Each structure stands twice: as structure tokens, then as C-alpha cells.
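Right, one structure below, let's go through it.
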Amino acid sequence: MSELYIRVAEEENEEPMEIPSEDDGTVLLSSVAAQFPGACGLRYRNPETQCMRGVRLVEGVLHPPENDWGNLVYIVNYPKDNKRKMEEIDAASVVKIKRGFQKTSDLIVLGLPWKTTEQDLKDYFSTFGEVIMVQVKRDAKTGNSKGFGFVRFTDYETQTKVIAQRHMIDGRWCDCKLPNSKVGWARLYHPMRSRKIFVGRCTEDMTTDDLRQYFMQYGEVTDVFIPKPFRAFAFVTFADDQVAQALCGEDLIIKGVSVHISNAEPKHNNIHQLFPNFPGGSASLAAMFDRSQYHFPSSHV
């Protein structure tokens with residue numbers, strides 16, 4: 001019998017590969033396994049009954065059905081346990097690769113009650129998934145809580161779930177966020193300035209006490225400044241720059257009004273461009289902010 005090739009595919013309706021036969025018309029299982037690792041046999045669909053039939057295998061040699069391979073497409077057989085195991089390994093590898101690019105981060109927990117301990121924090125967040133680390137930030141002198149802390153999870157999916165919702169901890173609503181790492185020049189050259197936030201869209205009925213009381217839920221507030229004459233903005237300084245950075249970019253509701261929070265950056269920004277009609281001109285405005293030690297953000301709403 002002359003040499004011929006039989007058509008073999010891993011699954012039906014897939015493009016087949018041609019496998020060479022031996023001089024006697026048989027096909028070695030090793031020839032099939034060379035192209036389809038792990039193969040343990042072949043099967044084909046009977047044209048008459050439309051049922052799947054197995055190809056006879058004797059000592060590693062596949063014999064053609066009725067002495068003729070014909071023009072059929074033969075499907076590879078795999079050991080069921082091995083195939084399932086390979087699929088599970090492949091799936092696990094994909095998950096590992098995916099997780100390798102999605103590492104968890106320390107999340108800042110804002111608005112913690114003063115009484116909340118690290119054990120309280122761990123007990124609460126452990127209901128979402130495995131917790132690697134928890135920390136409640138405290139004053140170095142008094143040991144009192146600063147009203148915020150940090151948590152880190154093992155699993156990235158858990159982190160995403162936690163960030164997506166608010167949390168009732170010890171009777172108080174708290175938020176979990178990714179701390180803003182873009183502190184730039186303000187932190188490199190003026191570490192204290194990164195603790196300040198710019199509060200835009202303020203209304204005249206907002207007092208320094210109102211702002212202080214509102215922002216104390218996120219952490220210790222060291223100063224609140226509202227310029228005079230009133231210019232619809234204010235500055236708030238926290239004891240810890242992590243709180244300030246975490247709030248930047250947020251829209252918050254204070255006394256029923258939506259205010260926008262952004263960075264308070266160095267004074268070399270173009271003040272005249274921001275406030276061209278300020279009484280006394282930009283020099284007067286700049287002088288006021290030099291005295292107050294506060295500076296405009298690069299942009300505000």
C-alpha cells in the first residue's frame with residue numbers, strides 16, 4: 001500500500017493537520033502525539049450512523065477502519081483526567097499572569113471613628129477577603145487616632161470590590177480609596193504644602209468652623225483659611241498629607257453645596273490669569289497669599 005496522509009484535528013470543525021501513514025497503511029500513535037501531545041487515540045464520525053467511532057489501536061499502532069482511511073477527518077482522543085488537568089493548569093496560569101499585572105495596593109480608609117482599633121479594622125475587612133495589613137494612624141504624642149488608617153488585601157478582585165462601596169465601621173460611614181501618589185513638586189520641595197487642599201465652589205455662608213467640622217471626619221485638621229474679600233474658595237490643612245492627597249479630585253457636599261477639592265500648589269502659578277479682575281491686581285492678590293502662606297492650585301472649578 002502506498003504512503004498516504006490522514007487528516008487529523010483536535011476538535012470537529014477545526015482545520016485538520018495531515019499525519020503520514022506507514023508503508024502498510026497504519027498510523028503510529030507516536031506520529032499523532034508528535035503533533036498533538038498527550039494524544040492516546042483517534043475517533044471519527046460514521047457517515048451512516050453519525051455516531052462517533054474509535055479507531056482500533058494495537059501496541060501503539062492505529063489501524064484504518066475497513067482497511068481504508070478514506071477522506072474522513074479523525075479527531076484526537078485525550079485521557080479525560082489529563083485533559084481536565086491541563087485545562088485547569090492553563091486556566092490557573094492565565095489567572096496568575098493576570099494577577100501579576102494587577103498587584104494590590106495599600107488603601108486609605110477615611111472617616112474612621114476615634115474608637116476604632118486595628119483589630120476592629122481587620123475584623124471588618126476580613127469579611128471581604130484575606131487581609132495582609134491594617135493600620136490605624138495615631139498621633140505620636142497622644143496616641144489618639146487621627147481618624148484614618150490603611151488596609152491591604154491579598155486579592156486584587158477583593159480590593160476592587162472594597163473600593164467600589166462605602167463602609168459602615170463602628171456606626172460611621174467610611175470610604176476606601178487608593179492614595180493619590182502624584183504629589184510632584186509640592187511634596188519634593190515643600191513637604192508641608194502637600195497637606196493643604198484647595199476647596200473650590202464655596203458659598204458665603206460657609207464658615208471656617210463649618211469647614212473644620214466637616215473635614216475632621218477624614219483626619220485631624222490643623223488650619224482653615226477663607227480669604228477676604230470672599231472669593232468662593234478656601235484652604236484646609238491636615239496634619240497628615242496622606243489625607244489631603246486622598247481627597248484631591250473629589251466632589252464633596254458641604255451644607256448642601258457641591259465643592260471641588262484639588263491640590264494647593266506653589267505660588268509660581270499664574271495668579272493674574274486665574275483672577276484677572278481681583279481688586280488691586282494680581283500683585284495685591286499674590287501678596288495676600290504670601291501673607292497667608294497659601295497658594296493657588298494649577299486649576300480649579
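Computed from a predicted model, the values in this text were never measured in an experiment.
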Polar side-chain atom of [X] near backbone of [Y] as donor-acceptor pair, under 3.5 Å:
X      : Y      : value
Trp173 : Gly111 : no
Glu250 : Ile261 : no
Thr237 : Thr222 : no
Arg43  : Val76  : yes
Glu22  : Leu28  : no
His260 : Ser258 : no
Thr127 : Asp123 : no

Any link between [X] and [Y] through a network of hydrophobic side chains (Ile, Leu, Val, Met, Phe, Trp, Tyr) touching at under 4.5 Å?
X      : Y      : value
Ile108 : Met216 : yes
Val32  : Val61  : no
Ile75  : Tyr78  : no
Leu178 : Val131 : yes

Could you check whether any side-chain heavy atom of [X] comes within less than 4.5 Å of a side-chain heavy atom of [Y], counting everything from C-beta outward?
X      : Y      : value
Thr117 : Val136 : no
Lys196 : Phe225 : no
Thr26  : Leu62  : no
Ile197 : Tyr218 : no
Phe125 : Val109 : yes
Asp120 : Lys115 : no
Phe238 : Val221 : yes
Val199 : Phe215 : yes

Minimum heavy-atom separation for [X] to [Y], with atom names?
X      : Y      : result
Leu29  : Cys40  : CD1-C, 3.9 Å
Ile254 : Met206 : O-CE, 3.3 Å
Ile226 : Phe233 : CG2-O, 4.2 Å
Tyr44  : Val73  : CB-O, 4.2 Å
Trp69  : Ile6   : CG-CG2, 3.3 Å
Asp240 : Arg195 : C-CG, 4.2 Å

For Thr116 and Tyr124, what are the C-alpha separation, side-chain angles and deciding distance, and is it a side chain to side chain contact (heavy atoms under 4.5 Å, CB included)? CA-CA 11 Å; Thr116 301; Tyr124 174 81; over 6 Å; no
How many angstroms lie between atom [atom1] of [X] and atom [atom2] of [Y], to the nearest 0.5 angstrom?
X      : Y      : atom1 : atom2 : value
Asp24  : His63  : CG    : NE2   : 8.0 Å
Leu247 : Asn263 : CG    : CG    : 10.5 Å
Lys177 : Leu110 : NZ    : CG    : 6.5 Å
Cys202 : Arg231 : SG    : CZ    : 13.0 Å
Lys122 : Gln135 : NZ    : CD    : 14.0 Å
Leu121 : Asp170 : CG    : CG    : 9.0 Å

Checking Arg7 against Asn71 for the side chain to side chain contact (heavy atoms under 4.5 Å, CB included) test, could you report, in this order, the C-alpha distance in whole Å, the side-chain angles of both residues, the deciding distance, and whether it holds? CA-CA 8 Å; Arg7 299 192 298 167; Asn71 198 34; 3.8 Å; yes
Under a 4.0 Å threshold between the charged nitrogen and the carboxylate oxygen, would Asp251 count as salt-bridged to Arg201?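 A salt bridge links Arg201 with Asp251.
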Does Asp210 pair with Lys255 as a salt bridge, N-O distance under 4.0 Å?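 Yes, this pair counts.
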Donor-acceptor contacts under 3.5 Å from residues 140-150 side chains, at least two apart:
from, atom 1, to, atom 2, distance (Å)
Thr142, OG1, Asp139, OD1, 3.4
Thr142, OG1, Asn144, N, 3.2
Thr142, OG1, Asn144, ND2, 3.3
Ser145, OG, Gly147, N, 3.0

Other residues, nucleotides, ligands: >12 heavy atoms within 6.0 Å of Glu66 CD: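 At most 12 heavy atoms, drawn from other residues, nucleotides or ligands, come within 6.0 Å of this atom.
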Step through the shown structure and confirm whether more than 12 heavy atoms of other residues, nucleotides or ligands are within 6.0 Å of CD on Glu15.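 No, not enclosed.
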Quick one: do Phe235 and Val224 satisfy side chain to side chain contact (heavy atoms under 4.5 Å, CB included)? Show the steps, please. CA-CA 6 Å; Phe235 291 91; Val224 178; over 6 Å; no
Applying side chain to side chain contact (heavy atoms under 4.5 Å, CB included) to Val151 and Val162, what does each step give before you reach the verdict? CA-CA 10 Å; Val151 62; Val162 168; 5.6 Å; no
Under 3.5 Å, which donor-acceptor pairs link side chains of residues 47-59 to any protein atom two or more places apart or in another chain?
from, atom 1, to, atom 2, distance (Å)
Thr49, OG1, Cys51, N, 3.3
Gln50, NE2, Pro47, O, 3.0

Applying side-chain hydrogen bond (donor to acceptor under 3.5 Å, both in side chains) to Asp209 and Thr207, what does each step give before you reach the verdict? CA-CA 5 Å; Asp209 287 340; Thr207 66; 5.1 Å; no
Set of side chain to side chain contact (heavy atoms under 4.5 Å, CB included) partners for Glu130, sequence neighbours left out: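 Applying side chain to side chain contact (heavy atoms under 4.5 Å, CB included) to Glu130 gives Thr154.
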